[in-house]
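So the structure is just underneath, and the comments pick up after that.
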Amino acid sequence: MKKNKKNPAEDNAMQENEPEEILTSPEDDFEENQTEENACDEDVELLKIENQKLQSDYLRALAECENIKKRSAQEIEKNAKYAISSFAKALLSVADNLQRALDAPSDKESCDALLKGVELTQGELMRVFDKFGIKKMDIIGKHFDPNFHQVVQEVEDKTKEPGTVIAELQTGYMLNDRILREAMVIVSR
C-alpha cells in the first residue's frame with residue numbers, strides 16, 4: 001500500500017480549523033479538587049460552628065424557660081398561701097376583744113359590761129368584713145333560692161306565701177359577688 005503523504009501546509013490548515021485542546025496535567029486537576037475540597041471543608045466547619053452556637057442558644061433559652069416556670073409556680077404558691085394575711089391581721093383585734101370579754105369577771109354588774117363588750121366586738125367584726133367585701137345576706141321575708149339558702153325545716157304558715165324564708169338559723173355571707181356560706185333557713189309551706 002501506498003502511503004498518502006500530506007502536504008505540511010494542509011496539515012497546518014487542518015490544525016487551524018480544529019478546536020485546540022487545552023491539556024491539563026493531573027497536578028492541575030489535583031490542585032483544583034483540593035481547592036474545592038478546602039472550600040467545602042471550610043463551609044462544613046462554619047456550619048458546624050453555627051450549629052453548635054444554635055444548640056447552645058436553644059439550651060440556654062430552654063433552661064431560662066424552666067427557671068421562669070419554677071419561679072412562677074413558687075410565686076403562685078406563696079400568693080395563695082399568704083393571700084389572706086391582711087384579712088387575718090384585721091381579725092386579730094376582734095379576737096383580742098373577744099378574749100377580753102371572756103376574761104371579764106362574772107358578777108351581775110359585769111354581765112352588762114360583757115354584753116356591751118361583745119356588741120362592740122361584733123360591730124368591729126362587721127367593719128372588718130365590710131373592708132374586705134364580706135356582706136351578710138338579708139333573707140328574712142324573701143322567697144327561697146337554693147343558690148343562696150339551705151332549707152333546714154319547713155313550717156306551716158298560712159300568713160306567708162309558700163317558699164318564703166321565715167327564720168334564719170345560720171347567717172349566710174357573700175364575698176363580693178360570690179357565696180361565702182349559704183344561709184340555713186326555715187321556710188313556709
Side-chain angles (χ1 to χ4, degrees), residues 6 8 10-99 121-139 142-152 168-185:
K6 286 187 181 177
E10 284 179 0
D11 196 26
N12 283 342
M14 278 179 73
Q15 283 180 355
E16 284 177 14
N17 290 339
E18 288 180 9
E20 192 174 309
E21 278 186 36
I22 300 174
L23 297 176
T24 57
S25 69
E27 293 157 355
D28 289 342
D29 285 342
F30 178 76
E31 284 179 15
E32 189 175 307
N33 287 342
Q34 261 326 87
T35 304
E36 286 177 14
E37 278 183 31
N38 287 343
C40 287
D41 286 345
E42 287 175 11
D43 288 345
V44 167
E45 285 301 314
L46 288 174
L47 289 173
K48 282 182 181 178
I49 291 169
E50 186 178 347
N51 187 17
Q52 287 174 348
K53 182 185 179 305
L54 290 173
Q55 282 180 334
S56 174
D57 291 348
Y58 169 75
L59 291 175
R60 281 192 191 103
L62 186 63
E64 182 65 25
C65 286
E66 287 297 317
N67 289 339
I68 290 171
K69 187 177 173 183
K70 287 177 186 175
R71 283 192 302 256
S72 297
Q74 288 172 346
E75 190 69 26
I76 288 169
E77 182 182 336
K78 185 175 93 175
N79 286 342
K81 191 174 183 180
Y82 299 108
I84 65 165
S85 62
S86 61
F87 178 69
K89 276 184 184 178
L91 284 180
L92 291 178
S93 64
V94 175
D96 292 340
N97 288 335
L98 284 173
Q99 187 60 47
T121 303
Q122 184 182 27
E124 185 177 350
L125 179 63
M126 290 302 121
R127 282 191 298 280
V128 170
F129 280 178
D130 284 341
K131 179 179 177 184
F132 289 95
I134 299 172
K135 305 274 188 233
K136 266 185 171 183
M137 289 185 202
D138 183 26
I139 58 170
K142 294 190 178 173
H143 191 68
F144 168 72
D145 184 348
N147 295 316
F148 298 101
H149 312 130
Q150 181 179 357
V151 175
V152 176
E168 180 180 54
L169 300 177
Q170 186 178 48
T171 305
Y173 288 94
M174 299 284 290
L175 176 60
N176 298 317
D177 60 347
R178 289 187 180 171
I179 297 173
L180 194 56
R181 181 177 74 188
E182 297 172 334
M184 289 185 170
V185 297

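Basis for what follows: all heavy atoms, side chains included, without hydrogens, waters or symmetry-related copies. Since the model is a prediction, treat every value here as computed from it, not as a measurement.
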Q: Using a cut-off of 6.0 Å, state whether more than 12 heavy atoms not belonging to E66 lie near its atom CD.
A: yes

**Q.** More than 12 heavy atoms from other groups under 6.0 Å of CZ on R178
**A.** no

Q) Should the ring pair F144 and H149 be called parallel, tilted or perpendicular, given that the plane angle runs from 0 to 90° and is split at 30 and 60? A) tilted

Q.
Between E75 and K69 (salt bridge meaning N to carboxylate O under 4.0 Å), is one present in this structure?
A. no

Q) Should the pair D130-R127 be classified as a salt bridge under the 4.0 Å nitrogen-to-oxygen rule? A) no

Between [Y] and [X], is there a side-chain heavy-atom distance shorter than 4.5 Å?
X	Y	value
V128	F87	yes
Q170	R181	yes
M174	L180	no
L125	L91	yes
V185	V152	no

For the student: nearest non-hydrogen atoms of [X] and [Y], plus distance:
X	Y	result
A183	G172	CB-N, 3.6 Å
F148	M137	O-SD, 3.8 Å
P146	E182	O-OE2, 3.9 Å
L175	F132	CD1-O, 3.5 Å

Q. So, the side chain of S56 versus the backbone of Q52: is there a donor-acceptor pair under 3.5 Å, distance only?
A. no

Q: Would you please test K70 and E64 for salt bridge (Lys or Arg N to Asp or Glu O under 4.0 Å) and show each step?
A: CA-CA 10 Å; K70 287 177 186 175; E64 182 65 25; over 6 Å; no

